[in-house]
Structures are given as C-alpha cells and as structure tokens.
Amino acid sequence: MPFNQELWDLGQKIENKTLPLINKHYECEFERNINDIFDVLDFKDEDKKIIVEIKGRRNSSEKYEDTMISSIKITEGNRMIELGYQVFFVFVFTDKTMEIELKLDQEWKCMISGTNSILHYFIPITDLTEINMDD
C-alpha cells in the first residue's frame, strides 16, 4: 500500500494543534511516540499511564453514524491496557472534538474498508463524549 504523505502531514498538523487540549483535558504532559510513520498510537504520559490516539476527521460529527479506526490501533490499545495503561481515542471532527476510552470488553462492528482496504472497527458516534474546548 502506498504511503500518503499529504494525509500523514494533515494528521500531524491536527495532532500538534490538539496536543495542548489533551494535555489540559487529561492533566498530563504527553510525549509523542518516536514521531515516525510506523507508530501505532500517538501520545503517552508514562507517569499517569495514559495513551491517546488522535484521529483527525474532515467531516462533522453528525455526517456519519459511526467513525472508523483501524484494527491495529484497537489491538495495540488492548495490549497497552493489559500493561496497565488507560487508552483513549480522540476524534477531531470539523465541528467538535470527541473521545472514547478503550476497554478490553468493547465490541464494535468491523469490516474491511478505508483507503487501503484493511480491517476497521466502526465506533458509533453516540458512544463518544465531547471534550469541552474550555476545560
């Protein structure tokens, strides 16, 4: 599968813009995981044992019933939970920023989808909680 530099650059821009918000929201000092294209999850606070994956979206939170995330992120998140971390997925939509904490017993529909036709989980928007930008 070809690497999409433009999409990766957009993701980095959204992550950098969102970092101060998540630092404040989770009361952490997140550090980027190695900052390379092969990192599975974005940010970690070793002291508080919290990991955050930020997913930028080019649509509003109301456009679709679900938002998708690749299975590798769920697998790695579950592995980190087993190592004692809390793992959060933060979705930056065009109209709001929302989160969900990953739990080992969650079940979402999944199917092969996306740009590279890989396995994705579909998280219902109704399962997400808005992060107040004024926190």
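Keep in mind it's a predicted model, so treat the numbers as computed, not measured. All values below come from the heavy atoms of this structure, side chains included, with hydrogens, waters and symmetry mates left out.
- Contact check on Arg79 versus Glu76 returns a salt bridge, with a Lys/Arg side-chain nitrogen under 4.0 Å from an Asp/Glu carboxylate oxygen.
- Of all non-hydrogen atoms in Met68 and Ser113, the two that sit nearest each other are SD-OG, 3.9 Å.
- Closest heavy-atom contact between Asn59 and Lys63: CB-CD, 3.8 Å.
- One distance of note links CE of Met98 with CD1 of Ile123; it measures 11.5 Å at 0.5 Å rounding.
- A distance of 5.0 Å separates CD1 of Ile22 from CZ of Phe30, quoted to the nearest 0.5 Å.
- Once rounded to the nearest 0.5 Å, the distance linking OH of Tyr85 with CG of Asp45 reads 9.0 Å.
- Between the side chain of Lys73 and the backbone N or O of Val40, at least one donor-acceptor pair lies under 3.5 Å.
- Taking all atoms of both residues into account, the shortest heavy-atom contact from Ile50 to Cys28 is CD1-SG, 3.7 Å.
- The CG atom of Leu102 sits 11.0 Å away from the CD atom of Glu53 when rounded to the nearest 0.5 Å.
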Hey, mind stepping through Lys55 and Thr67 against side-chain contact (heavy atoms from CB on, under 4.5 Å) and telling me if it holds? CA-CA 10 Å; Lys55 301 303 297 175; Thr67 191; over 6 Å; no
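- To the nearest 0.5 Å, the span separating CZ on Arg57 from OH on Tyr64 amounts to 10.5 Å.
- By the side-chain hydrogen bond (donor to acceptor under 3.5 Å, both in side chains) test, Asp66 is found to be paired with Lys109, residues two or more places apart in sequence or in another chain being considered.
- Clustering ILVMFWY residues whenever any of their side-chain heavy atoms sit less than 4.5 angstrom apart, transitively, puts Ile74 in a cluster other than the one holding Ile112.
- The stretch residues 99-108 participates, sequence neighbours left out, in these salt bridge (charged side-chain N to carboxylate O under 4.0 Å, His left out) pairs: Glu101-Lys103.
- Ring planes of Tyr121 and Trp108: perpendicular class, angle over 60° (limits at 30 and 60°).
- With Thr94 contributing its side chain and Ser60 its backbone, the two residues share a donor-acceptor pair below 3.5 Å.
- By the 4.5 Å heavy-atom criterion applied to side chains, Phe89 and Leu41 are counted as neighbours.
- Scanning all heavy atoms of the two residues, the minimum distance from Met111 to Phe122 falls at CG-CE1, 3.3 Å.
- Scanning all heavy atoms of the two residues, the minimum distance from Leu21 to Asn132 falls at CD1-O, 4.1 Å.
- Val90 has its side chain out of reach of Phe43: every pair of non-hydrogen atoms, C-beta onward, lies at least 4.5 Å apart.
- With values rounded to the nearest 0.5 angstrom, Thr18 atom OG1 is found 11.0 Å from Asn23 atom CG.
- Evaluation of the salt bridge (charged side-chain N to carboxylate O under 4.0 Å, His left out) rule for Glu31 yields no partner, not counting sequence neighbours.
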